[in-house]
Engineer: 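Take a look at this one; I'll ask things after.
We count residues from 1, following the sequence as given.
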Amino acid sequence: MSAAVAIVGAGVSGLTAALSLARRGFDVDIVEQAAVLTEVGAGLQLSPNASRILIELGLQNELEAVWTEPDAITLVDGKSLRLLARVASGRFARERWRAPYGVLHRASLQRILLTAVAAEPRCRLHLGHRIDGDAEQAIPAVTGRTPALAVGADGIWSRLRTAVPDAGTVQFSGNVAWRMTVTRDAAAGLLLPDRVTAFLGARAHLVAYPLREIDGFNLVAIIEGDETDSVWVGKDSEGRRRDYLEAFSGWNTGLQTMLKKADAPTYWPLCTVTDGAWQDGRKTVLIGDAAHAMTPFAAQGAAMAIEDAYELAACLVGSSNIGEALGAFEATRRPRIAQVRRRAAFNRFAYHARGPFRLGRDIVLSMKSPEALAADFDWLYGYGAPER
């Protein structure tokens, strides 16, 4: 296949797909409804399975200029602050999984990808254009050429999903995420700048990691909650804020104070996409959240989108039949996505465990050696790595 490809959506998945396709010789149009690209949210974890792909695309120097490579990923009791488990990262990640584990601001990754796309002669970016109705007619009206393939990288509320028969549908997960940042001073004595920390509790958990760009920390507090408006843009309200602070009421008092002082917390209903078709067997395919949005309990949403983008380009190279290439892509990715979904579901149960289940979790974690804990991530972080 050596024809034009149109990508709807200029987020992480869309821009990564554009680079992956262009580097393999495809001409790419990226259509984005926003007139100016701004990334919502704050922090992002790039595990080795994702960073390996971005490095392959030539972005290593740009990433290393802005990210932090934590020395460890830890699980901590949210009430007692007792260390439950520690997985080495930093140099260990580079050696074991053959790629770094980095944390950075989402806006930084967006800027890096956008700069690379702008410098790629095979890519054309069309901002301020919304694809409604029949995509086969709407896309050429914007780009001036008819693509051989349309890629839906337009997120959980994908409009291109309607072009794929039997595609999944959006559903509320039963959890709400609060995203915010805190200064280094506000986190003093509670958060360490050399690690990713997940604090665990009965109804909620809190993930914290450093953001070099703001000289502070990104916080994501996930609580069990009621369904809210169908939005993906963060909101805030006093009523909602009381709900999330109540979820941490039995926690360490220092953590509670830090959460109260956090900068501009916003809540995000966590939705998923049910299992359904990802492609139409002809000329439309969904990737990332548009195809299989999942809960963030395994911190793999962006990573799976990056993997999708790279694998799609690999399946299309040298193929003379788009339908067959799309079938191969879906067959390759489905088992992987299903495995990550299972890990996320397990983490959800473990992180919010109560009563005897919580005690059992802590006992099992205490019995695992550092080597055994690291080995649990080999299938995930070592994806695509050369043999050690």
Engineer: Flag the pair R336 and E311 as a salt bridge only when some basic side-chain nitrogen lies within less than 4.0 angstrom of an acidic carboxylate oxygen.
Structural biologist: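 Looking at R336 and E311, the cut-off is not met.
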Engineer: Are L127 and V31 joined in one hydrophobic group, where the rule is that I, L, V, M, F, W and Y side chains link up if heavy atoms are under 4.5 Å apart?
Structural biologist: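 They do not share one cluster, since no chain of ILVMFWY contacts under 4.5 Å joins L127 to V31.
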Engineer: If you count heavy atoms of other groups shown closer than 6.0 angstrom to CG of D132, is the number above 12?
Structural biologist: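 More than 12 within 6.0 Å, yes.
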Engineer: Is any side-chain heavy atom of R184 less than 4.5 Å from a side-chain heavy atom of P193?
Structural biologist: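 Answer yes - side chains close enough.
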Engineer: Can we say D71 and R91 salt-bridge, meaning some charged N sits less than 4.0 Å from an Asp/Glu carboxylate O?
Structural biologist: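 Result for this pair is no, no salt bridge flagged.
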Engineer: Go through the steps for L312 and L326 under the test side chain to side chain contact (heavy atoms under 4.5 Å, CB included), then give the verdict.
Structural biologist: CA-CA 8 Å; L312 175 62; L326 297 184; 4.1 Å; yes
Engineer: For N218 and H105, test the side chains for any donor-to-acceptor distance below 3.5 angstrom and give the result as yes or no.
Structural biologist: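 No donor-acceptor contact under 3.5 Å links the two side chains.
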Engineer: Would you name the heavy atoms of L270 and P296 that are closest together and state the gap between them?
Structural biologist: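 Reported closest heavy-atom pair: CD1-CD, 3.7 Å.
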Engineer: Is it the case that the side chains of T74 and T197 hold a donor-acceptor pair, with the cut-off being a distance below 3.5 Å and no angle test?
Structural biologist: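 The criterion, which ignores hydrogens and geometry beyond distance, is satisfied for T74 and T197.
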Engineer: Do E56 and L19 have side-chain heavy atoms sitting under 4.5 Å apart?
Structural biologist: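 Result no, sub-4.5 Å side-chain heavy-atom pair not found.
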Engineer: Do Y383 and I53 have side-chain heavy atoms sitting under 4.5 Å apart?
Structural biologist: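 No, their side chains stay 4.5 Å or more apart.
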Engineer: What's the spacing between I7 CD1 and R124 CZ if we round to 0.5 Å?
Structural biologist: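 CZ of R124 is found 12.5 Å from CD1 of I7.
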Engineer: Using 0.5 Å steps for rounding, measure from the NE2 atom of H126 to the CD atom of E32.
Structural biologist: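 The NE2 atom of H126 sits 12.0 Å away from the CD atom of E32.
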Engineer: Is the shortest side-chain heavy-atom distance between V285 and I322 below 4.5 Å?
Structural biologist: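 No, too far: nothing below the 4.5 Å cut-off.
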Engineer: Between E62 and R111, does any side-chain N to carboxylate O distance fall below 4.0 Å?
Structural biologist: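 Here E62 does not pair with R111 in a salt bridge, since their nearest N and O are not under 4.0 Å apart.
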Engineer: Main chain of N175, side chain of R348: is a donor-acceptor contact present, judged purely on distance under 3.5 Å?
Structural biologist: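 The answer is no, because no donor-acceptor pair under 3.5 Å joins these two groups.
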Engineer: Rounded to the nearest 0.5 Å, how far does CH2 of W67 lie from CG of L211?
Structural biologist: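 Rounded to the nearest 0.5 Å, the CG-CH2 separation comes out at 14.0 Å.
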Engineer: Short question: side chain of R354, backbone of A202 - any donor-acceptor pair under 3.5 Å?
Structural biologist: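 Such a contact is found between R354 side chain and A202 backbone.
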Engineer: Going hydrophobic residue to hydrophobic residue with side-chain gaps under 4.5 angstrom, can you get from V164 over to I287?
Structural biologist: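 Cluster IDs for V164 and I287 differ.
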Engineer: I'd like to know if E307 and R52 make a salt bridge, using a cut-off of under 4.0 Å between side-chain N and carboxylate O.
Structural biologist: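 No, no charged N to carboxylate O under 4.0 Å.
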Engineer: For residues W251 and S249, is any side-chain donor paired with an opposing acceptor at under 3.5 Å?
Structural biologist: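 Short answer, no.
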Engineer: Closest approach of S158 and L286, non-hydrogen atoms and distance?
Structural biologist: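 Looking at all heavy atoms of both residues, the shortest contact is OG-CD2, 4.2 Å.
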Engineer: Looking only at atom types and distance, does a side-chain atom of R24 sit under 3.5 Å from a main-chain N or O of S20, one as donor and one as acceptor?
Structural biologist: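 Present.
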Engineer: Check the pair T68, D194 against side chain to side chain contact (heavy atoms under 4.5 Å, CB included), reporting the backbone distance first and the verdict last.
Structural biologist: CA-CA 8 Å; T68 298; D194 65 347; over 6 Å; no
Engineer: Starting from F349, can I reach I223 by hopping between I/L/V/M/F/W/Y residues whose side chains sit under 4.5 Å apart?
Structural biologist: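 In one cluster: no.
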Engineer: Apply side chain to side chain contact (heavy atoms under 4.5 Å, CB included) to residues L54 and L46 and explain how you reach the verdict.
Structural biologist: CA-CA 10 Å; L54 297 176; L46 286 178; 3.7 Å; yes
Engineer: Y209 side chain to G43 main-chain N or O, any donor-acceptor pair under 3.5 Å?
Structural biologist: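 Checked: pair present.
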Engineer: Is there a donor-acceptor contact under 3.5 Å linking the side chains of N49 and Q300?
Structural biologist: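 The answer is yes; a qualifying pair exists.
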Engineer: Strictly distance-based, threshold 3.5 Å: is any side-chain N or O of R161 a donor or acceptor partner for the main-chain N or O of I156?
Structural biologist: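 Answer holds: yes.
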Engineer: Using the rule that two of Ile, Leu, Val, Met, Phe, Trp, Tyr join whenever any of their side-chain heavy atoms come within less than 4.5 Å, decide whether Y351 and F357 are in one cluster.
Structural biologist: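 Per the 4.5 Å side-chain linkage, Y351 and F357 are not co-clustered.
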Engineer: Does R333 make a cation-pi contact with W278 (under 6.0 Å, within 45 degrees of the axis)?
Structural biologist: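 The answer is no, since R333 fails at least one limit relative to W278.
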Engineer: Between P265 and A262, which heavy-atom pair has the shortest distance, and what is it?
Structural biologist: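 For P265 and A262, the tightest heavy-atom pair comes out as CD-O, 3.7 Å.
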Engineer: Just wondering, do D280 and P165 contact through their side chains at under 4.5 Å, heavy atoms?
Structural biologist: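 Yes, side chains in contact.
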Engineer: Could you report the tightest heavy-atom contact between V103 and Q45, atom names first, then the distance?
Structural biologist: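 Closest pair (atom of V103, atom of Q45, distance): CG1-CG, 3.9 Å.
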Engineer: Please work out which of the three classes, parallel, tilted or perpendicular, describes the rings of Y267 and W178, given edges at 30° and 60°.
Structural biologist: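 Because their plane-to-plane angle lies in the 30° to 60° range, the rings of W178 and Y267 count as tilted.
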Engineer: Step by step, work out the side chain to side chain contact (heavy atoms under 4.5 Å, CB included) result for W268 and V176.
Structural biologist: CA-CA 6 Å; W268 303 64; V176 174; 5.8 Å; no
Engineer: Test of understanding: clusters of I, L, V, M, F, W, Y form through side-chain heavy atoms closer than 4.5 Å, transitively. Do I112 and I55 belong to the same one?
Structural biologist: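 No, separate clusters.
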Engineer: So, S366 side chain and I363 main chain: donor-acceptor pair closer than 3.5 Å or not?
Structural biologist: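 Flag set: sc S366 to bb I363 pair under 3.5 Å.
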Engineer: In terms of ring plane angle, is the pair W97 and Y381 parallel, tilted or perpendicular, where the classes change at 30° and 60°?
Structural biologist: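 Judged by the thresholds at 30° and 60°, the geometry between W97 and Y381 is perpendicular.
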Engineer: Quick one, K260 with E246, criterion salt bridge (charged side-chain N to carboxylate O under 4.0 Å, His left out). Give me CA distance, side-chain angles, the key distance, then yes/no.
Structural biologist: CA-CA 11 Å; K260 291 176 183 177; E246 174 62 25; over 6 Å; no
Engineer: Roughly how far apart are Q256 CD and K79 NZ, rounded to 0.5 Å?
Structural biologist: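 Here the interatomic distance stands at 10.5 Å.
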Engineer: Just say parallel, tilted or perpendicular for the rings of H352 and F297, cut-offs at 30° and 60°.
Structural biologist: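 Because their plane-to-plane angle is over 60°, the rings of H352 and F297 count as perpendicular.
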Engineer: Determine whether F26 and R122 make a side-chain contact, defined as any pair of heavy atoms from C-beta on separated by less than 4.5 Å.
Structural biologist: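 Of all side-chain heavy-atom pairs linking R122 with F26, none is under 4.5 Å.
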Engineer: Within this structure, what is the NE2-CG distance for the pair H205 and L200, rounded to the nearest 0.5 Å?
Structural biologist: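 The NE2 atom of H205 sits 7.5 Å away from the CG atom of L200.
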Engineer: Do you know which two heavy atoms are closest between Q279 and G327, and how far apart they sit?
Structural biologist: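 Where Q279 meets G327 most closely, the heavy atoms are NE2-CA, 4.0 Å.
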Engineer: In Å, rounded to the nearest 0.5 Å, how long is the span from CG of D154 to CD1 of I131?
Structural biologist: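 Those atoms lie 9.5 Å apart.
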Engineer: Side chains of T183 and D185 only: does a donor on one sit below 3.5 Å from an acceptor on the other?
Structural biologist: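 T183 vs D185: no donor-acceptor pair found between side chains.
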Engineer: Compare all side-chain heavy atoms of V5 with those of D27 and state whether any distance is below 4.5 angstrom.
Structural biologist: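 The answer is no, as the side chains (C-beta and beyond) never meet within the 4.5 Å cut-off.
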Engineer: Short question: side chain of S173, backbone of C271 - any donor-acceptor pair under 3.5 Å?
Structural biologist: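 It does not hold such a pair.
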Engineer: Where the side chain of S108 meets the backbone of L104, is there a donor-acceptor pair that is under 3.5 Å apart?
Structural biologist: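 Looks like no, no N/O pair under 3.5 Å.
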Engineer: Between R282 and E136, does any NZ, NE, NH1 or NH2 come within less than 4.0 Å of an OD or OE carboxylate oxygen?
Structural biologist: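 Answer for the salt bridge query: yes.
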Engineer: Salt bridge check: are D275 and R341 linked by an N-O gap of less than 4.0 Å?
Structural biologist: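 R341 and D275: not salt-bridged.
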Engineer: Under a 4.5 Å cut-off applied to non-hydrogen side-chain atoms, are L191 and V182 in contact?
Structural biologist: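 L191 vs V182: side chains touch.
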Engineer: For A309 versus S13, what's the shortest heavy-atom pair and its separation?
Structural biologist: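 Heavy atoms of A309 and S13 come nearest at CB-O, 3.8 Å.
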